[in-house]
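Because the structure is a prediction, the values reported are computed rather than measured. Quick note: numbers below take in every heavy atom, side chains included, and nothing from hydrogens, waters or symmetry partners. Chain letters run A, B, ... following the sequence lines, proteins first and then strands; every chain starts at 1.
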There are 2 protein chains.
Amino acid sequence: MKNNIKTLRAAFQLTQSDLAEKIEVSRQTVNAIEKGKFDPSLPTAFRLAAVFNCSIEELFIYESEE
Amino acid sequence: MKNNIKTLRAAFQLTQSDLAEKIEVSRQTVNAIEKGKFDPSLPTAFRLAAVFNCSIEELFIYESEE
DNA sequence: TTTAAATGTAAAGCAAACTTTACATTTAAA
DNA sequence: TTTAAATGTAAAGTTTGCTTTACATTTAAA
């Protein structure tokens with residue numbers, strides 16, 4: 001699963017800490033999701049999409065797992 | 001988080017087992033998601049949306065947690 | 001009305017999402 | 001060029017998504 005969080009976060013001029021606060025997760029979680037270390041939960045994905053005013057599908061690119 | 005899986009599954013004439021097979025989870029997992037016992041992972045949500053040819057936002061209704 | 005399919009649910013265990021703490025590295029402003 | 005903010009990352013622990021096994025209940029077809 002790829003995502004456009006880093007780009008959008010920059011466009012919205014938010015630090016990882018700012019974004020973490022908005023979506024109510026830790027800064028490390030934002031970093032990990034952004035870097036593709038793991039996928040967010042569905043609720044977290046919804047909150048991210050809300051912050052960036054876009055759909056989950058616009059934020060995340062699903063690629064069938066291996 | 002509410003969802004329309006039961007309705008859509010009926011419309012597509014799929015059993016919980018059928019759907020489980022399609023999205024590659026266990027039947028119990030489909031049942032639990034359908035009954036709102038827990039939220040699916042983001043990859044599972046993507047696969048569900050793909051089966052029903054709709055968006056994740058059309059399938060799941062996000063409600064801020066308590 | 002009997003039988004089979006479908007659904008509901010529970011327990012034990014594993015895996016992944018997330019936390020906190022902590023520290024090292026990069027970036028950018030003074 | 002020093003300093004602070006921002007980012008990267010790691011370890012240990014908690015929570016939750018999901019599995020398998022197992023069985024009970026509901027639904028529907030014969």
Measuring only between side-chain heavy atoms, which start at C-beta, is A/Leu42 closer than 4.5 Å to B/Thr44?
no

Among D/dT19, D/dG17, C/dT7, which nucleotide has an atom closest to any side-chain atom of B/Arg9?
C/dT7

Given A/Lys6, A/Arg9, A/Glu21, the one that forms side chain to side chain contact (heavy atoms under 4.5 Å, CB included) with A/Gln16
A/Arg9

Name the closest nucleotide to the A/Lys35 side chain, picking from D/dT9, D/dT19, C/dT9.
D/dT9

Is the phosphate of D/dG8, meaning OP1 or OP2, less than 4.0 Å from a side-chain N or O of A/Asn31?
yes

Please confirm whether the shortest side-chain N or O distance from A/Ser41 to OP1 or OP2 of C/dA16 is below 4.0 Å.
no

Testing C/dT9, D/dC18, D/dT9 for proximity to the side chain of A/Lys37, the answer is D/dT9

Whether the side chain of A/Gln28 and the base of C/dT21 hold a donor-acceptor pair under 3.5 Å is what I'd like checked.
yes

As an exercise, state the distance from OG1 of B/Thr7 to CZ of B/Phe52, rounded to the nearest 0.5 Å.
9.5 Å

Could you check A/Pro43 against A/Glu34 and say which one's nearest nucleotide on DNA chain D is further toward the 5' end?
A/Glu34

May I ask you to verify if any side-chain N or O of A/Thr15 is less than 4.0 angstrom from the OP1 or OP2 atom of D/dA5?
no

Which nucleotide in D/dT20, D/dG17, D/dT7 has an atom nearest any side-chain atom of A/Arg27
D/dT7

Base-pairing assignment for C/dA11 (Watson-Crick or G-U wobble, both under 3.5 Å):
D/dT20

Taking OP1 and OP2 of C/dT19, is either one under 4.0 Å from a side-chain nitrogen or oxygen of A/Ser26?
yes

G-U wobble or Watson-Crick pairing nucleotide for D/dA28 (cut-off 3.5 Å, both distances)
C/dT3

